[in-house]
Amino acid sequence: MKAKGTVHKYGDNVDTDVIIPARYLNSSDPIELAKNCMEDIDPEFVKRVKDGDIMVANKNFGCGSSREHAPIAIKASGISCVIAETFARIFYRNAINIGLPIIECPEAAREIEAGDEVEIDFDSGKITDVTKGTSYQGQAFPPFMQEIIKSEGLINYINSKN
Amino acid sequence: MGMTMTQKILAKHAGLESVTAGQLIEADLDLVLGNDVTSPVAIKELSKFKKKEVFDKDKIALVMDHFTPNKDIKSAEHCKCVRQYAGENSITNFFDVGAMGIEHALLPEKGLIVAGETCIGADSHTCTYGALGAFSTGVGSTDMAAGMVTGKAWFKVPSAIKFNIVGEKAPYISGKDVILHIIGMIGVDGALYRSMEFVGEGIKNLTMDDRFTIANMAIEAGAKNGIFPVDELTEEYMKEHSTKAYTKYEADADAEYDEEYTIDLSQLKPTVSFPHLPENTKTIDEVGDIKIDQVVIGSCTNGRISDMRIAAEIMKGRHAADGVRVIVIPGTQNVYLQMLEEGLTKIFIEAGAVVSTPTCGPCLGGHMGVMAAGERTVSTTNRNFVGRMGHVDSEVYLASPAVAAASAITGKISSPADIK
């Protein structure tokens with residue numbers, strides 16, 4: 001599994017309220033949620049994002065509310081992977097459970113800049129910044145996590161096992 | 001090697017003699033919780049399951065508290081979806097308008113969770129029940145759905161930070177000041193992935209309501225859970241509210257902690273978190289002249305009866321400052337009734353406040369007190385992120401009910417000690 005796209009870059013402590021504000025939580029439709037993704041931190045994001053793009057942020061990404069609507073909105077907006085120094089723990093579980101790939105890699109998260117072209121190999125965990133010509137070693141996705149992502153989430157994965 | 005309180009509860013529920021930090025385990029669940037925002041997503045996921053029956057209809061709680069009484073058609077559709085699901089599946093603990101309260105104020109009051117149990121909830125403040133000596137943690141809707149069907153969840157066993165609480169509370173100090181002080185000290189990711197264990201001789205000087213507030217905000221330091229040992233006060237509370245059998249766990253003497261801190265309650269000052277992170281704390285003598293437009297007293301953090309009592313004590317016979325809107329929201333119907341019986345509702349209304357039905361409402365910018373651009377609220381809630389309570393250019397200052405009530409009277413962030 002591989003991902004390649006343009007980077008959208010954010011800082012520390014990006015909370016789930018700015019990823020998808022509560023005023024939109026009266027919907028649980030991924031397409032509806034994606035229309036307002038990142039609205040309170042980056043109103044231009046939805047206009048800029050293209051299918052396959054990559055989100056990069058610093059510490060504690062996805063902190064705050066447990067709303068699964070946050071990784072759902074990011075995934076439905078077209079983002080193929082989120083790289084961060086660290087993730088808040090509920091967001092981490094939610095992202096895996098809905099099949100949004102995420103990688104913790106502090107060095108990559110600090111050095112990669114907005115607009116860079118980045119390629120990720122999920123089998124090896126290798127992150128390549130094509131624009132800068134640099135590469136980083138993130139954690140490889142264990143096979144079961146790749147299976148969850150391929151199955152589009154935990155429930156389908158559990159069903160496929162039974 | 002010894003185990004922490006959290007590790008002991010997880011080991012027991014995983015059927016293991018012992019566990020160590022970092023170990024992946026599957027644990028049995030005593031309670032699975034969802035609300036009107038997160039349950040519809042879980043119900044949608046449940047429909048994809050081959051096996052659809054819940055593991056135990058008595059061990060699931062569905063609480064309609066976020067956008068209720070419904071603020072618009074879409075949120076009404078969400079509640080309708082959950083109501084229908086609860087009916088079809090004979091879910092025992094479905095709490096609709098009239099019975100519901102704010103979930104984390106309601107469940108302990110209903111005796112649905114006691115010491116030694118495990119609980120996951122699709123709401124980040126599920127960590128509140130650590131006040132009772134339970135392991136409880138927030139998850140998303142998919143984990144909730146899987147838990148409802150299997151009665152189990154996987155966890156990475158957390159390491160822990162120990163907070164040794166000593167001394168007696170200084171005047172006007174409450175659980176809110178304790179936890180805001182701690183978050184200011186360690187930061188919003190200071191306990192990331194870990195447990196916060198609160199121990200020490202000072203615990204006896206914290207009321208149950210103080211402990212609920214402290215455990216409630218463990219998530220604001222990034223923690224997996226916050227937990228207190230069980231003492232006489234906890235046992236008294238559980239006996240009053242529950243018929244369930246409980247188990248007391250204490251950390252082993254040789255349990256390992258990543259870090260240890262001592263918190264002296266007698267040295268704390270009323271503490272306020274400035275926008276836009278709970279870690280941006282200042283003590284009340286450092287806040288300066290911050291004029292406010294609105295005060296919110298309530299939420300799963302501070303909507304309990306002792307919160308209402310201290311706020312009413314400060315507002316009694318006084319009136320909110322000109323131009324300040326004061327919104328008081330009891331956490332549960334029981335708290336609401338108690339307020340009526342004790343005359344607190346009258347005090348608030350005479351002071352120019354509105355008193356609402358229980359709801360999460362303004363805490364997450366849902367309804368009942370959403371802010372316009374440029375406005376400021378002093379709130380007893382738990383988050384002051386950008387746009388949390390309304391417009392991206394509005395500001396939330398987190399504080400205790402005592403500071404919120406004092407600020408309502410003066411129209412700027414104020415110390416309760418200065419209300420003459």
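Sequence lines set the chain letters: A, B, ... in the order given, protein chains first and strands last, and positions in each chain run from 1. The structure displayed is predicted, hence computed values, not measured ones.
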Check whether [X] gets within reach of chain A through its side chain, its backbone, both or neither, counting any heavy atom under 4.5 Å.
X	answer
B/V392	side chain
B/F67	side chain
B/L364	both
B/R383	side chain
B/L277	side chain
B/K44	side chain
B/N382	neither

Distance-minimising heavy-atom pair for [X] and [Y]:
X	Y	value
A/E68	B/D143	OE1-N, 4.4 Å
A/N159	B/K50	O-NZ, 2.9 Å
B/V386	A/D40	CG1-O, 3.9 Å
A/R23	B/G390	NH1-O, 4.2 Å
A/S65	B/S124	CA-OG, 3.7 Å
B/A122	A/S66	C-OG, 3.5 Å

Check each of A/D17, A/N13, A/I41, A/V14 against B/F385 using the side chain to side chain contact (heavy atoms under 4.5 Å, CB included) test, and report the only one that passes.
-> A/D17

Could you look at A/P43 and say if it's the side chain, the backbone, both or neither that has a heavy atom under 4.5 Å from chain B?
-> neither

Let me know if A/D12 has heavy atoms under 4.5 Å from chain B in its side chain, its backbone, both or neither.
-> neither

Any chance [atom1] of [X] has more than 12 other-residue heavy atoms, nucleotides or ligands included, within less than 6.0 Å?
X	atom1	answer
B/I73	CD1	no
A/K2	NZ	no
B/K71	NZ	yes
B/K51	NZ	yes
A/K126	NZ	no
A/K9	NZ	yes

dist A/C63:SG -> B/D189:CG (nearest 0.5 Å) comes out at 8.5 Å

Distance col, row A/I155:CD1 vs B/F49:CZ, nearest 0.5 angstrom, shows 3.5 Å

Residue pairs fulfilling ring-ring contact (aromatic ring centres under 6.0 Å, His included) with at least one residue in residues 19-40 of chain A, sequence neighbours excluded = none

Top contributor to chain A contacts, counting heavy-atom pairs under 4.5 Å, from [options]:
options	result
B/T137, B/L192, B/T142	B/T142
B/E45, B/K224, B/H276	B/K224
B/I219, B/D72, B/V370, B/V149	B/D72
B/V188, B/T38, B/T126	B/V188

Chain B-proximal positions within residues 81-107 of chain A [heavy-atom distance under 4.5 Å] = A/T86, A/F87, A/A88, A/R89, A/I90, A/Y92, A/R93, A/N94, A/N97, A/I98, A/E104

